[in-house]
Colleague: 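Dropping the structure in here first, questions after.
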Amino acid sequence: MQIDHHDFILTLSCPDAKGVVFRVSEFLFAHQCNILDSAQFGDDETGLFFMRVHFDAPSAASAQSLSERFQSVAQPLDMQWSISQAQKKAKTLILVSRHGQCLNDLLFRTANGALPIEIVGVASNHTDFKGLVEHHGLAFHHLPVTPSNKAEQEAALRQLAEASQVDLVVLARYMQILSPELCAAWSGRAINIHHSFLPSFKGAKPYAQAYARGVKIIGATSHYVTTDLDEGPIIEQDIERVDHTLDATELARIGGDIESRVLARAVLWHAERRILLNGSKTIVFR
């Protein structure tokens, strides 16, 4: 029997102290809420405590009303926190250049309900995937970029994201370096995929570099975008073992599969509010 839930997700971080879990549980009990699942972690190095709680609430409750009441718990404990509807889909803008495997995978997973996101559009500095995107009934925005118009192009990207009120920006092999201003504007809500374990084989033709070095594993890394190129907080990584029989083209094919699944996991966990930032690292409640 399937049970209909009126459910929410609370995420929080705060200085670690006795009684945090009790105070949260006490609040939920006092407001007739039922905890469906809960995860927490105390980091001895930073002295911070992290928590994610998925809970049912009375039908009259809303994210706004619960948030207003939770202030009395959060403020004395110096919490960074949010309460949101569990079923709310993250409004997502995808950026892509000329490598379409990750884009195609995200479109497919979203269409079949595997990703709880609402893709509000796809923007690209090329037109290669216009037909694919429009086939899915989505808006395609061609925003070409040159050294002379980069500032204007980024302003158009930022305006597009703001107009759509996006919760998440996904760089699905978008081969442009974002300016520090745009990185700051999208801090904590822009996810990139990198074609290796970072830092490794940076720059052009990474799989050719990997082939030339005779690597035995190849991998991919998904991380949040920061002003430090390819050094943002890591969300997920994965690998495949390879050997001397594979050429650069075959490595690129295998690598594309890894990139797609690593990026999809990162998008899923972000959309489900499972990721909390911990300085230069992440806490991921799977």
Side-chain angles (χ1 to χ4, degrees), residues 8-9 11 52 63 82-126 128-143 153-176 178 182-194 220-226 232-236 256 259-277 282 284-286:
F8 298 84
I9 294 172
T11 58
R52 178 187 184 272
S82 70
I83 295 177
S84 56
Q85 289 182 314
Q87 308 308 318
K88 181 180 180 291
K89 294 184 177 181
K91 291 186 176 182
T92 303
L93 174 66
I94 300 176
L95 308 185
V96 66
S97 290
R98 309 193 89 161
H99 298 276
Q101 190 161 344
C102 288
L103 168 66
N104 191 49
D105 183 74
L106 292 173
L107 294 175
F108 176 77
R109 290 175 189 265
T110 303
N112 70 17
L115 286 178
I117 63 175
E118 176 191 346
I119 299 175
V120 299
V122 176
S124 178
N125 51 326
H126 300 281
D128 299 51
F129 304 113
K130 183 175 188 293
L132 172 65
V133 171
E134 292 180 345
H135 173 74
H136 282 266
L138 299 170
F140 181 84
H141 306 273
H142 180 217
L143 298 173
Q153 193 258 11
E154 284 201 345
L157 282 175
R158 186 170 179 177
Q159 183 178 18
L160 179 61
E162 290 175 353
S164 302
Q165 297 181 311
V166 301
D167 305 298
L168 175 64
V169 179
V170 180
L171 282 65
R173 294 304 300 274
Y174 181 64
M175 309 305 287
Q176 294 291 318
L178 303 186
L182 195 55
C183 290
W186 290 346
S187 178
R189 58 191 181 105
I191 293 176
N192 194 16
I193 184 69
H194 194 274
T221 300
S222 186
H223 62 92
Y224 283 115
V225 174
T226 66
I234 292 172
I235 301 169
E236 173 64 339
E259 292 166 21
S260 295
R261 65 178 184 250
V262 167
L263 182 58
R265 289 176 197 153
V267 170
L268 173 65
W269 295 336
H270 182 98
E272 292 183 340
R273 279 80 83 195
R274 296 185 179 276
I275 309 169
L276 286 81
L277 289 172
T282 61
V284 182
F285 291 124
R286 303 186 185 183

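The analysis underlying the following values was restricted to heavy atoms, covering all of them including side chains, and did not include hydrogens, waters or symmetry mates. The chain is numbered in sequence order, starting from 1.
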Colleague: Under 4.0 Å between a side-chain nitrogen and a carboxylate oxygen: does that hold for E118 and K91?
Modeller: no

Colleague: Is it true that the side chains of S97 and R173 contain a donor and an acceptor less than 3.5 Å apart?
Modeller: no

Colleague: Any Lys/Arg nitrogen of D167 or K88 sitting under 4.0 Å from an Asp/Glu carboxylate oxygen of the other?
Modeller: yes

Colleague: Check the pair L157, W186 against side chain to side chain contact (heavy atoms under 4.5 Å, CB included), reporting the backbone distance first and the verdict last.
Modeller: CA-CA 11 Å; L157 282 175; W186 290 346; 4.2 Å; yes

Colleague: Roughly how far, to the nearest 0.5 Å, is OG of S124 from CZ of F140?
Modeller: 4.5 Å

Colleague: Can you tell me if T282 uses its side chain to pair, donor with acceptor, with the backbone of P233 under 3.5 Å?
Modeller: no

Colleague: Test side chain to side chain contact (heavy atoms under 4.5 Å, CB included) on I9 and I83; report intermediate values, then the result.
Modeller: CA-CA 6 Å; I9 294 172; I83 295 177; over 6 Å; no

Colleague: Does the side chain of V225 reach to within under 4.5 Å of the side chain of C183, using non-hydrogen atoms?
Modeller: yes

Colleague: Any heavy-atom pair between the side chains of N192 and H223 that's under 4.5 Å?
Modeller: yes

Colleague: With sequence neighbours left out, what residues match L268 under side chain to side chain contact (heavy atoms under 4.5 Å, CB included)?
Modeller: L115, P116, E272

Colleague: From H141 NE2 over to L95 CG, what is the distance, rounded to the nearest 0.5 angstrom?
Modeller: 10.5 Å

Colleague: Please check if the number of heavy atoms outside Q159 that lie under 6.0 Å from its CD is greater than 12.
Modeller: no

Colleague: Roughly how far apart are H99 NE2 and N104 CG, rounded to 0.5 Å?
Modeller: 15.0 Å

Colleague: Could you go through V262 and T221, starting from their C-alpha distance and side-chain angles, then the distance that decides it, and tell me whether this counts as side chain to side chain contact (heavy atoms under 4.5 Å, CB included)?
Modeller: CA-CA 7 Å; V262 167; T221 300; 5.9 Å; no

Colleague: Please give me the minimum heavy-atom distance between R52 and F285, naming the atom from each residue.
Modeller: CB-CD1, 3.7 Å

Colleague: Is a side-chain donor or acceptor of S164 paired with a backbone partner of V166 at a separation under 3.5 angstrom?
Modeller: no

Colleague: Testing the basics here: between H270 and I191, what is the closest heavy-atom pair and its distance to 0.1 Å?
Modeller: CB-CD1, 3.9 Å

Colleague: Atom CZ of R274 and atom CZ of R265: how far apart are they, to the nearest 0.5 Å?
Modeller: 14.0 Å

Colleague: Checking side chain to side chain contact (heavy atoms under 4.5 Å, CB included) for the pair D105/L263: CA distance, chi angles, key distance, verdict?
Modeller: CA-CA 9 Å; D105 183 74; L263 182 58; over 6 Å; no

Colleague: Determine the minimum heavy-atom distance between L103 and A172, stating which atoms define it.
Modeller: N-CB, 4.1 Å

Colleague: Write down the atom of I235, the atom of A266, and the distance for their closest heavy-atom approach.
Modeller: CG2-CB, 3.8 Å

Colleague: Which atom names give the shortest non-hydrogen contact between F8 and A63, and what distance separates them?
Modeller: CE2-N, 3.4 Å

Colleague: Where do T110 and L106 come nearest, in terms of heavy atoms and distance?
Modeller: OG1-O, 2.7 Å

Colleague: Main chain of S222, side chain of E236: is a donor-acceptor contact present, judged purely on distance under 3.5 Å?
Modeller: no

Colleague: Charged N to carboxylate O below 4.0 Å: is that the case for R158 and E154?
Modeller: no

Colleague: Given the rule in the side chain to side chain donor-acceptor pair (under 3.5 Å) test, do S84 and R273 qualify, once you have shown the distances and angles that lead to the verdict?
Modeller: CA-CA 9 Å; S84 56; R273 279 80 83 195; 3.0 Å; yes

Colleague: Hey, could you give me the OH/CG distance between Y224 and L171, rounded to the nearest 0.5 Å?
Modeller: 13.0 Å

Colleague: With sequence neighbours excluded, what pairs up with L138 under the side chain to side chain contact (heavy atoms under 4.5 Å, CB included) test?
Modeller: L107, I119, V133, H136

Colleague: Would you check if F129 and V122 make a side-chain contact, meaning some heavy-atom pair closer than 4.5 Å?
Modeller: no

